[in-house]
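Report on the structure given below.
Start at 1 and go down the list; that is how both ligands and their atoms are numbered.
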Amino acid sequence: QSPRAPLSRLEPDKFIDYSQLARRIEKSREIQRRPLTYAEKILYAYTDELDVVERGKTQLKLRPQRIACQDATAQMAIIQFMSAGLQTTAVPTTVHCDHLIVGRDGQDKDLPNALNTHGEVYDFMSSASSRFGMGFWKPGAGIIHQIVLENYAFPGGIMVGTDSHTPNAGGMGMIAIGVGGADAVDVMAGLPFELTAPRIIGVRLTGQLSGWATPKDVINKLAELLTVKGGTGSIIEFFGPGSETLSATGQATICNMGAETGATTSIFPYSEAMARYLQATDRHEIAQALGFASHELRADPGAEYDRVIEIDLSSLEPRINGPFTPDLSNPLSEFPNAIEKGSWPQELTAGLIGSCTNSSFEDMTRAASLAKQALDAGLKPKMPLLVSPGSEKTRETLHQDGTLKIFKDLESTLLTNACGPCCGSWDRQVMKKGTPNSIITSYNRNFTGRLDSNPATHIFLASPEVVMAKIFSRDLAFDPTKDALLTPKGKEFRFQPPTGADLPSKGYANADQVYTAPPLTEQDRSGVEVQIKESSERLQRLSPFSPWSGTDFNNCVILIKAKGKCTTDHITPAGPWFRYRGHLDNISNNTLIGAVNAETDKVNTVTNWLTGEDGDVPGTARKYRAASQPWVVIGDYNYGEGSSREHAALQPRHLGCVAIIAKSFARIHETNLKKQGVLALTFTKEEDYDRLVSSDRLTIGGLSGLEPGKPVVVAVDPTDGREGWKAEVTHTMTPEQILYFRSGSALNLMASRKNG
Ligand code: MIC
Ligand code: SF4
């Protein structure tokens, strides 16, 4: 037996050594002189120059073992990698074609359509993958997080991914962190990934799920307890006897949606279920080697958490979260009251299952068990059911096992193995935009306009089981755990609780044909040409942003004072806009079009303070840029919540934004802003948000004296006759990040260091 195993089946020349990991953990415990939580063990084992860590303060320089990029963010990451003049990724990297494929008629039609529509972009990414040494998962292979779980995630590992749901791999005991493209480029270039040592929220699970309760309900409940910002700056670490009762894929569902609380990542300690999953996915060597460190792959006795939350799995009820925010949670039994109180549209119009959150073998077989009961009783779905399988491997396994046949009998639409509706790539037929309606899904997000670009669609989040049962009634209030339905013969029908299997009895099918490995030698790689057509409307080389001029930002205008939720879906919506993810100038035409103007409650309408005319937000920003007029955005709480898309920082920067001043920021977005040289400033006194009027002029002063921890003063000069005043704001820039600002971006800094 060896402590060494290949990192993955697909990269037999790269290894993980579990004895070495155990030694590193020992050593970091000696340095910290205290018991460590599991997350801390992994983080610190992969930190350069480890010293005594103060959670929430110390800057860690992490060395991830892997990078995963999905197509909607990979394009810009690769373009940045190229513009830094780099040759080969320093860390194993994969690219996944999952976000661009539009769901409409099902895989047979949608996939060929996608290959046609996005051919230029796929060619770019596949050639760049070959050129720079990255593994390429073709369109239709599956969703990034599912593929990572099946092929790359392992207990005790650490990775970053250019997608906010990267923490999905925490279900396999891995520290997996969502980052922006520029952060990923650092790691690709061999630089460490810098992170403020997270606080650790412990979640102690007791009891065991039964009946209708599922892992999704655990996280739906936790989202309620923590809210969409309660996880910010923290890792959620699960422990307790209940965690040993969950399947690896169920744990992945929970970690996946930890992102909805703003957490840096979520993680489960090593359990038998992980070993079984490794075996089932043909990774026997890792399953064996980890015996050399399994005693370390959990929290030390007496390890301290910053906060502990208890959840009893035995008494957990199924829950439905939404609409419009993932932390609005109701147990099934109280949902009818909530519908009435919220005046939500009473008729359910579509059901969607699958996605990176809930498409495991277990999810699908359990959902199918309910479908079968209903079909056997002669019932038919009352609305379209769309199924998004997470990967070709699992889809093929479900096909072989007969589960897909049940979905077929339901006349559901089997979509491509891709994000599809979940990321707004849904060409929804029938429902007219603007029509209020309710839909239910097993996905993870429900921000306004997210799935079908219809802001009036109320999106509810539940387990695949609850979604499956609910499509048999148009009544949103129908409770499948107790209410009866009438069969065509007029008989009463009640569902029995779902049943399924956590793993396929004959193992998972092989689906390696959907993967392309990069050429092995540098020589073979260097012959590959990566092409970007000058005339392309989809891909554009980046020109470096200008460095900071050395003077304060005087007399800035406010482009928009945004009110309430301003997620990355509000700053740069997805869906149809994915088209331009590789073309900064074109995608900038959607900048902040979803943000609500705090003074008028209007969307995409602001006043141009140079001319006094009203206009759309991106158009007005372009006018400021043409006039060399610096501008800022004023934001509310948790500005930039949601996605990792760095376009939400790149676009404002491209259009001349110098600072975002908000009550608070979401972690990934705040880092993305810093990387692109935009000041991310937080009000010291939240009331100052209310005091600002969007016609005010702002001077952000003392910039040559920027220092970590030192507040910045913003002089407010009202144009409406009110007296001038000063607002104090803070920033979280490290010395290195202050250099990003001065250089104009992190990329500029990297290039200047490279050129000496
Ligand atoms: C999401 O779930 O919001 C997305 C679409 O996967 C994004 C990535 C993107 O916008 O490209 C994410 O989560 O980071
Ligand atoms: Fe894709 Fe949705 Fe998962 Fe994001 S959350 S990776 S859009 S399936």
Are there any protein N or O atoms under 3.5 Å from the N or O atoms of ligand 1? List them with distances, or say none.
{"residue": "ligand 1", "atom": "2 (O)", "partner": "R445", "partner atom": "NH1", "Å": "3.3"}
{"residue": "ligand 1", "atom": "2 (O)", "partner": "R450", "partner atom": "NH2", "Å": "2.7"}
{"residue": "ligand 1", "atom": "3 (O)", "partner": "R445", "partner atom": "NH1", "Å": "2.7"}
{"residue": "ligand 1", "atom": "3 (O)", "partner": "R450", "partner atom": "NH1", "Å": "2.9"}
{"residue": "ligand 1", "atom": "3 (O)", "partner": "R450", "partner atom": "NH2", "Å": "3.3"}
{"residue": "ligand 1", "atom": "3 (O)", "partner": "R645", "partner atom": "NH2", "Å": "3.4"}
{"residue": "ligand 1", "atom": "6 (O)", "partner": "H99", "partner atom": "NE2", "Å": "2.8"}
{"residue": "ligand 1", "atom": "6 (O)", "partner": "D163", "partner atom": "OD2", "Å": "2.7"}
{"residue": "ligand 1", "atom": "10 (O)", "partner": "R581", "partner atom": "NH2", "Å": "3.0"}
{"residue": "ligand 1", "atom": "10 (O)", "partner": "S643", "partner atom": "OG", "Å": "3.0"}
{"residue": "ligand 1", "atom": "10 (O)", "partner": "R645", "partner atom": "NE", "Å": "2.5"}
{"residue": "ligand 1", "atom": "10 (O)", "partner": "R645", "partner atom": "NH2", "Å": "3.1"}
{"residue": "ligand 1", "atom": "11 (O)", "partner": "Q70", "partner atom": "NE2", "Å": "2.9"}
{"residue": "ligand 1", "atom": "11 (O)", "partner": "R581", "partner atom": "NH1", "Å": "2.7"}
{"residue": "ligand 1", "atom": "13 (O)", "partner": "D163", "partner atom": "OD1", "Å": "3.4"}
{"residue": "ligand 1", "atom": "13 (O)", "partner": "S164", "partner atom": "N", "Å": "3.3"}
{"residue": "ligand 1", "atom": "13 (O)", "partner": "S164", "partner atom": "OG", "Å": "2.5"}
{"residue": "ligand 1", "atom": "13 (O)", "partner": "R445", "partner atom": "NH1", "Å": "3.2"}
{"residue": "ligand 1", "atom": "14 (O)", "partner": "S164", "partner atom": "N", "Å": "2.8"}
{"residue": "ligand 1", "atom": "14 (O)", "partner": "S164", "partner atom": "OG", "Å": "3.4"}
{"residue": "ligand 1", "atom": "14 (O)", "partner": "S643", "partner atom": "OG", "Å": "3.3"}
{"residue": "ligand 1", "atom": "14 (O)", "partner": "S644", "partner atom": "N", "Å": "2.7"}
{"residue": "ligand 1", "atom": "14 (O)", "partner": "S644", "partner atom": "OG", "Å": "3.0"}

**OP:** Could you walk me through whether D636 and K563 pass the salt bridge (charged side-chain N to carboxylate O under 4.0 Å, His left out) test, one step at a time?
**Re:** CA-CA 6 Å; D636 214 316; K563 174 165 119 183; over 6 Å; no
Please tabulate, for the side chains in residues 415-424, all donor-acceptor contacts under 3.5 angstrom to protein atoms that are two or more places apart in sequence or on a different chain.
{"residue": "N417", "atom": "ND2", "partner": "G140", "partner atom": "O", "Å": "2.9"}
{"residue": "N417", "atom": "ND2", "partner": "E392", "partner atom": "OE1", "Å": "2.8"}

Original post:
What's the verdict on salt bridge (charged side-chain N to carboxylate O under 4.0 Å, His left out) for K674 and D183, showing C-alpha distance, side-chain angles and the deciding distance?
Top reply: CA-CA 11 Å; K674 294 177 189 171; D183 269 321; over 6 Å; no
**OP:** Tell me, please, which residues at least two apart from D110 pass salt bridge (Lys or Arg N to Asp or Glu O under 4.0 Å).
**Re:** none
**OP:** Step through it carefully: locate the ring centre of F324, locate the ring centre of F447, and say whether they are under 6.0 Å apart.
**Re:** no
Original post:
Considering only heavy atoms from C-beta outward, does the side chain of T413 approach that of L385 to under 4.5 Å?
Top reply: no
Original post:
What part of R450 sits under 4.0 Å from ligand 2 if we count only heavy atoms: the side chain, the backbone, both or neither?
Top reply: side chain
**OP:** Among T394, T281, T249, find the one that has a side chain to side chain donor-acceptor pair (under 3.5 Å) with E150.
**Re:** T394
Subject >> Charged N-O contact under 4.0 Å between E224 and K221 >> reply: yes
Subject >> Candidate list I79, L655, L542, test side-chain contact (heavy atoms from CB on, under 4.5 Å), partner L584, passing option >> reply: L542
Original post:
Think K138 forms a cation-pi with Y515, using NZ or CZ under 6.0 Å from the six-ring centre and within 45 degrees of its axis?
Top reply: no
Subject >> Part of H99 with heavy atoms under 4.0 Å of ligand 2, whether side chain, backbone, both or neither >> reply: side chain
Original post:
Are there any protein N/O/S atoms under 2.8 Å from atom 3 (Fe) of ligand 2, and if so, which?
Top reply: C356 SG
